[in-house]
Amino acid sequence: MEKLITGMHHVAICACGEESFRRAVAFYTEKLGMTLVRTWGEGDKSAAMVDCGGTMLEIFAYADTDEPRPGSVLHFALRCTDVDKVLQVAVENGCPVTMEPTDICIPSNPPFPARIAFFTGPTGEEVELFCEKG
């Protein structure tokens with residue numbers, strides 16, 4: 001069987017507010033020694049990725065009360081080499097697509113091009129397929 005997934009790319013968490021976001025980024029980088037890789041957005045729309053040693057932790061500052069509660073996992077992202085092919089396998093196995101394959105460039109510092117897609121996994125989990133470009 002062809003190996004379609006090459007690892008875990010990132011897990012995304014919700015800090016639910018700018019102050020909580022700043023504390024989270026400081027904790028993971030200054031206290032636990034993780035490396036800040038990129039940031040984007042401003043205020044309550046800030047986000048960051050920190051390197052956990054082979055897997056990233058993506059932190060969002062969402063303050064909207066409709067978003068998940070603080071500390072909740074938003075999604076996990078699987079690193080892959082062919083987003084479209086993996087999504088096809090997911091669909092063939094009954095997983096609904098929540099976002100079709102899309103080329104993006106996160107306007108971060110430095111810019112972060114990728115191809116992504118989302119689907120709902122077998123137990124209701126939100127799964128992102130993530131292929132870094134460049």
Side-chain angles (χ1 to χ4, degrees):
M1 177 178 186
E2 180 183 3
K3 186 174 181 177
L4 297 173
I5 303 300
T6 60
M8 182 73 72
H9 187 274
H10 69 265
V11 173
I13 64 171
C14 178
C16 295
E18 186 176 3
E19 183 57 36
S20 177
F21 167 78
R22 288 183 184 160
R23 282 193 316 271
V25 171
F27 173 75
Y28 287 109
T29 59
E30 297 169 15
K31 305 299 182 188
L32 297 184
M34 295 178 187
T35 303
L36 181 64
V37 175
R38 63 182 38 88
T39 62
W40 64 96
E42 296 179 4
D44 289 341
K45 301 296 181 190
S46 297
M49 276 196 172
V50 298
D51 187 344
C52 302
T55 299
M56 299 286 187
L57 177 64
E58 186 174 28
I59 306 167
F60 289 96
Y62 297 141
D64 188 330
T65 57
D66 291 336
E67 296 295 333
R69 68 176 194 262
S72 66
V73 174
L74 297 174
H75 64 265
F76 64 86
L78 299 174
R79 182 183 297 117
C80 57
T81 57
D82 189 334
V83 166
D84 300 72
K85 188 172 188 174
V86 177
L87 188 63
Q88 179 183 348
V89 171
V91 168
E92 289 169 357
N93 286 276
C95 298
V97 175
T98 56
M99 184 180 135
E100 293 291 337
T102 305
D103 291 318
I104 65 166
C105 186
I106 298 170
S108 60
N109 184 16
F112 191 30
R115 183 159 180 83
I116 65 171
F118 284 84
F119 67 91
T120 303
T123 62
E125 69 276 18
E126 185 172 7
V127 180
E128 180 180 5
L129 302 174
F130 199 95
C131 180
E132 291 187 40
K133 301 282 186 175

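If you're wondering where the values come from, they're calculated on a predicted model, not measured in any experiment.
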Which atom of I59 lies closest to which atom of V25, heavy atoms considered
CD1-CG2, 4.0 Å
Show me the side-chain donor-acceptor pairs of residues 3-10 shorter than 3.5 Å, one per line, residues at least two apart or across chains.
from: T6; atom 1: OG1; to: R79; atom 2: O; distance (Å): 3.3
from: H9; atom 1: NE2; to: E132; atom 2: OE2; distance (Å): 2.9
from: H10; atom 1: NE2; to: E58; atom 2: OE1; distance (Å): 2.9
from: H10; atom 1: NE2; to: H75; atom 2: NE2; distance (Å): 3.1
from: H10; atom 1: NE2; to: E128; atom 2: OE1; distance (Å): 3.1

Shortest non-hydrogen contact from G43 toward A61:
O-CB, 3.8 Å
Contacts of F60 meeting ring pair (Phe, Tyr, Trp, His ring centres under 6.0 Å) (sequence neighbours excluded), chain-then-number -> Y62
Applying side-chain contact (heavy atoms from CB on, under 4.5 Å) to L87 and L129, what does each step give before you reach the verdict?
CA-CA 8 Å; L87 188 63; L129 302 174; 3.9 Å; yes
Who are the side chain to side chain contact (heavy atoms under 4.5 Å, CB included) partners of P113, not counting sequence neighbours?
C105, K133
By the side-chain hydrogen bond (donor to acceptor under 3.5 Å, both in side chains) test, which pairs, at least two apart or in different chains, include something from residues 23-43?
R38-S108
Side chains of residues 89-103: which donor-acceptor pairs under 3.5 Å do they make with residues two or more places apart or in other chains?
from: E92; atom 1: OE2; to: Q88; atom 2: NE2; distance (Å): 3.0
from: N93; atom 1: ND2; to: V89; atom 2: O; distance (Å): 2.7
from: T98; atom 1: OG1; to: F118; atom 2: O; distance (Å): 3.4
from: T102; atom 1: OG1; to: E100; atom 2: O; distance (Å): 2.9
from: D103; atom 1: OD1; to: R115; atom 2: NH1; distance (Å): 3.1
from: D103; atom 1: OD2; to: R115; atom 2: NH1; distance (Å): 3.2

Walk me through it: do I104 and I106 pass the test side-chain contact (heavy atoms from CB on, under 4.5 Å)?
CA-CA 6 Å; I104 65 166; I106 298 170; 3.9 Å; yes
How close do T81 and C131 get, counting heavy atoms only, and between which atoms?
O-SG, 3.9 Å
Show the numbers, then the answer: is there a side-chain contact (heavy atoms from CB on, under 4.5 Å) between M49 and L57?
CA-CA 6 Å; M49 276 196 172; L57 177 64; over 6 Å; no
Ring pair (Phe, Tyr, Trp, His ring centres under 6.0 Å) pairs, two or more places apart, involving residues 76-117:
F112-F130
